[in-house]
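Report on one structure; see the data block that follows.
Naming: A, B, ... by sequence-line order, numbering from 1 per chain.
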Amino acid sequence: MKRIMLAAVAVTMMLSGIAVSSADGGTLVIATTQKPRHLNPAVQSGIATAVPGTQIFATPVRFDENWNPQPYLAESWAFSDDGLALTLNLRKGATFHDGHPITSKDVAFSIETIKANHPFKTMFGPVEAVDTPDDHPAVLRLSAPHPALLLALSSALGVIIPEHIYGDGQDPKAHPRNSDTVGSGPFKLAEFKPGEHIILEKNENFFLEGYPKLDRIIIKNYKDVTSMVLAMDSGEVDMLPFLAGTRDIARLRKNASIEVTDQGYAAVGPLNWLAFNTKHEIFKDVRVRRAIAYAIDRDFIVNALHGGFSTAATGPVHPGSPFFAPDVESYDLDLAKAAALLDEAGYPAGSDGVRFSVELDYLPAFAEQQKNVAEYLRPQLKKVGIAVQLRASPDFPSWAKRVSSHEFELTMDIVFNWGDPVIGVHRTYVCSNIRQGVIWSNTQSYCNEEVDALLDAAGKEIDQAKRQTLYRQAQQIIVDEVPLAFLNTLPYHTAYNKNKIGNPPLSIWGAMAPLDKVTVQ
Amino acid sequence: MAAVESVTRSQSARRPGADAWEIYRQSPTAMLGLVLVLLISVLAIIGPLVYPVDPFEIIWAPMSAPGTTERALLGTDYLGRDILAGLLVGAKATLIVGLTAAALTVIIGLVIGALAGFYLGMIDEILMRVTEFFQVLPPLLFAMVLVTMLSPSLWVVAVSIGVVSWPPTARLARAEFLRIRNLEYVTASRASGVRQGYIIWRVILPNALPPLIVSATLTIGTAILFEAGLSFLGLSDPNVMSWGLMIGSGREYMLDAWWIVTLPGVMIFFAVLGVSLVGDGLNDAFNPKLRRR
């Protein structure tokens with residue numbers, strides 16, 4: 001017996017649930033400041049490539065706003081009973097933009113390419129082989145059950161690229177067709193002018209009948225956020241995703257024809273946190289780390305610094321994820337407790353009230369999330385006798401070098417969950433990911449075998465409820481041992497012209513999902 | 001030796017320094033500049049003593065307008081830090097950067113200019129080519145590169161500004177040395193067998209100083225602006241409150257809270273204006289003939 005997750009019903013539901021606007025055609029203009037290096041998400045992570053990339057390249061499945069997988073390039077799929085094989089039944093008659101049919105060979109090639117070249121190694125880590133018994137079923141053979149697999153096969157991550165184009169032996173990361181793409185998504189590339197715009201045209205032969213609704217998508221590059229927000233405010237562009245500045249959000253909120261929503265960022269799961277170098281003399285003591293967590297007023301950060309647009313983060317998993325555990329130590333502001341913990345740890349206040357001095361790094365970007373919070377921490381931690389010196393980095397590479405080579409004491413950081421904890425959460429905590437020179441690895445050098453075992457088990461557990469329990473236990477230990485002081489979620493918002501746009505992209509991947517259903521008037 | 005002493009003395013006596021103050025005093029703009037500079041120096045020195053509030057401390061709700069709370073007379077910035085305290089403490093950093101950069105400019109410029117102008121020949125060729133090399137680099141860009149390579153701290157910023165601003169001073173010093181080295185009293189010193197070092201530093205230099213002082217004064221103003229410019233680009237010491245830092249980190253809030261950037265901006269305006277007026281006044285005082293023309 002196979003546990004079958006047939007989703008034919010879901011297809012019809014999906015197709016019928018659209019009817020906000022029946023008007024086909026039109027052009028959608030999306031504003032961004034992100035500059036993609038190329039447009040092939042198979043070998044490049046990040047928002048810049050993912051937004052155009054998911055329009056150009058289809059994935060086997062996609063997700064709705066409630067974390068349910070929906071058929072996309074695969075019309076159905078089934079896990080074997082032992083969870084060690086996933087059969088994808090590809091849609092028959094689906095073709096790439098150049099007319100070549102999409103077969104299971106392309107799926108096998110794509111997964112091998114992603115596994116070998118994409119920075120997120122855990123996505124297809126357990127995939128040992130992809131069998132292609134016929135043109136349409138592809139069977140992924142796993143070394144261990146891998147519940148994150150469907151998410152890894154969804155928008156922004158598991159794109160299917162044509163073997164006859166990208167399988168010519170050239171280095172996939174530097175392939176010339178990465179900027180002159182051939183995919184199978186709802187839109188095909190018409191023009192890519194780096195730093196100016198990306199023009200996507202409707203794919204007339206898209207495998208979903210009647211889609212996409214739009215004729216054209218223009219992704220327009222702006223030099224800076226201010227001019228981009230002004231363009232949105234004046235109606236020059238129709239949609240502005242990944243807006244994180246709280247004053248920009250507030251400004252666009254005032255515009256009666258613009259809707260600003262925080263929906264569509266559950267999968268990205270962006271967290272703003274304060275990381276400890278747990279190998280450092282002072283911060284290897286968990287009491288010091290707890291003391292700092294107790295000394296930070298997250299209410300102030302969320303409400304006073306971020307105008308109430310961000311939310312407090314309490315643990316490693318974003319509150320929008322089904323694996324978020326609310327029942328962890330919340331570290332509510334308690335300066336007395338913080339002082340007591342520091343005393344206990346052997347750091348009594350000196351005659352000048354100072355217990356010790358530390359250096360605090362921060363990302364030279366997202367000033368409101370990073371620099372401003374760092375500036376807030378300086379007087380705040382002074383209240384418990386910790387003298388904080390800010391260490392500014394002139395540019396991203398200098399910061400990344402300091403942090404990835406573990407030459408820091410404290411640093412602010414922003415890290416994304418990327419859908420499943422296996423992809424974006426494990427990397428920060430497992431002992432095996434303490435790697436020199438790799439940014440957004442376990443740069444805290446945090447290592448707890450119990451956490452490792454729990455995360456490892458959770459990463460292989462097929463049963464959703466059991467998986468949630470394992471992640472809850474792991475989160476409780478992690479939050480208790482505070483390798484990071486969790487501060488807030490990034491207040492990502494999407495602004496769109498509500499008089500013009502129907503079916504804005506609000507699924508878990510937001511604008512990093514196919515915009516085939518979006519309409520304009 | 002006594003002959004030389006008397007030669008230089010008599011030259012010193014003829015220096016315009018004696019009646020320079022008289023001339024300076026008569027210029028209202030020069031006096032205004034002096035008053036501004038003195039006021040800012042006083043603010044920098046005793047301001048923080050009279051008003052001992054930590055400029056990094058969060059004392060009130062963020063972005064409170066001036067006059068809305070007694071806790072912060074000039075309002076608070078985007079974190080809720082006292083703007084007044086920032087202005088007072090920031091004056092010191094701003095002056096330190098200005099003075100250090102100006103001093104460095106004069107020292108480097110003077111040494112290079114003096115050696116080139118006195119020895120001429122190969123030394124002049126080499127030193128002037130080096131100077132030209134520095135002169136063709138856009139100063140702000142060059143300073144940015146220096147600050148980026150080293151870490152952004154107050155001293156690095158000050159030294160970087162000095163390092164990029166000396167070429168004009170060097171050329172000025174060289175020109176003065178070229179002019180003076182052939183004057184009769186220098187020839188006289190040389191004829192009486194005085195050491196070269198003595199001629200450079202004790203005979204020529206005092207007579208070459210007035211234009212250099214003027215140029216140094218003006219450099220202070222430029223350096224203050226430079227510091228503000230670097231801060232605006234995010235290249236300043238986040239641990240030292242300066243007016244540039246206040247503007248640089250507050251610029252994003254300009255539309256919501258004008259006072260965060262406007263008040264330090266006004267302070268920079270007055271500081272640079274004051275220093276420039278003093279420089280102009282000194283120029284007139286040292287070159288009375290030029291002024292009458």
Side-chain angles (χ1 to χ4, degrees), chain A residues 224-226 229-230 233 244-251 254 297 300-308 353 357-383 387-399 401-402 407 412, chain B residues 53-64 72 76-82 85-86 89 141 143-157 160 230-242 244-258 260-261:
Chain A
D224 58 276
V225 176
T226 311
V229 170
L230 287 175
D233 208 9
T246 59
R247 281 178 327 287
D248 299 330
I249 296 167
R251 180 195 174 109
K254 288 183 195 144
D297 185 0
F300 185 87
I301 294 175
V302 166
N303 293 316
L305 297 187
H306 299 154
S357 299
V358 290
E359 281 192 325
L360 171 58
D361 288 282
Y362 52 91
L363 266 168
F366 288 105
E368 199 174 38
Q369 301 294 322
Q370 293 277 299
K371 179 177 79 70
N372 291 9
V373 174
E375 284 178 339
Y376 154 74
L377 289 176
R378 186 185 148 116
Q380 184 64 19
L381 294 182
K382 200 178 155 195
K383 290 180 186 167
V388 177
Q389 287 285 305
L390 302 190
R391 192 162 65 149
S393 299
D395 49 27
F396 176 79
S398 348
W399 173 85
K401 188 161 173 274
R402 284 171 178 176
E407 283 162 11
M412 297 287 305
Chain B
V53 174
D54 182 350
F56 288 105
E57 181 128 24
I58 292 166
I59 55 150
W60 201 249
M63 297 204 255
S64 309
T76 59
D77 71 357
Y78 56 95
L79 288 179
R81 303 179 295 195
D82 191 348
V89 174
L141 221 59
M144 278 171 62
V145 171
L146 288 177
V147 176
T148 308
M149 278 187 341
L150 309 159
S151 61
S153 77
L154 189 70
W155 291 107
V156 168
V157 169
S160 303
L230 288 172
S231 299
F232 192 81
L233 297 167
L235 297 169
S236 64
D237 191 337
N239 298 299
V240 180
M241 189 55 79
S242 73
L245 181 72
M246 294 173 81
I247 295 181
S249 49
R251 67 182 158 145
E252 287 176 39
Y253 305 85
M254 198 147 56
L255 295 176
D256 304 299
W258 57 268
I260 297 178
V261 289

Next on the checklist: For B/Trp60, is the CH2 atom crowded, meaning more than 12 foreign heavy atoms sit under 6.0 Å from it?
Outcome noted: no
Next on the checklist: What part of B/Leu233 gets within 4.5 angstrom of chain A, counting heavy atoms only: side chain, backbone, both, or neither?
Outcome noted: neither
Checklist entry - Is it the side chain or the backbone of B/Leu79 that comes within 4.5 Å of chain A heavy atoms, both, or neither? => result both
Item to check | Segment of A/Ala367 engaging chain B (4.5 angstrom heavy-atom cut-off) | outcome: side chain
Checklist entry - Side chains of A/Ser393 and A/Arg402: donor-acceptor distance under 3.5 Å anywhere? => result yes
Checklist entry - Where on A/Leu305 is there a heavy atom nearer than 4.5 Å to chain B: the side chain, the backbone, both, or neither? => result side chain
Checklist entry - Passes side-chain hydrogen bond (donor to acceptor under 3.5 Å, both in side chains), A/Ser357 versus A/Gln389? Steps please. => result CA-CA 7 Å; A/Ser357 299; A/Gln389 287 285 305; over 6 Å; no
Checklist entry - Non-hydrogen atoms of chain A under 4.5 Å away: do they reach the side chain of B/Asp237, the backbone, both or neither? => result neither
Checklist entry - Is it the case that A/Arg247 places NZ or CZ above or below the six-membered ring of B/Tyr253, under 6.0 angstrom from the centre and within 45 degrees of the axis? => result yes
Next on the checklist: Quick one, B/Ser64 with B/Thr76, criterion side chain to side chain contact (heavy atoms under 4.5 Å, CB included). Give me CA distance, side-chain angles, the key distance, then yes/no.
Outcome noted: CA-CA 5 Å; B/Ser64 309; B/Thr76 59; 3.4 Å; yes
Item to check | Between A/Arg378 and B/Asn239, a side-chain donor and acceptor under 3.5 Å | outcome: yes
Next on the checklist: Counting only non-hydrogen atoms closer than 4.5 Å, does A/Val388 touch chain B with its backbone (N, CA, C, O), its side chain (CB onward), both, or neither?
Outcome noted: backbone
Checklist outcome for this item: The interface call for B/Ser249 against chain A, heavy-atom contacts under 4.5 Å, is both
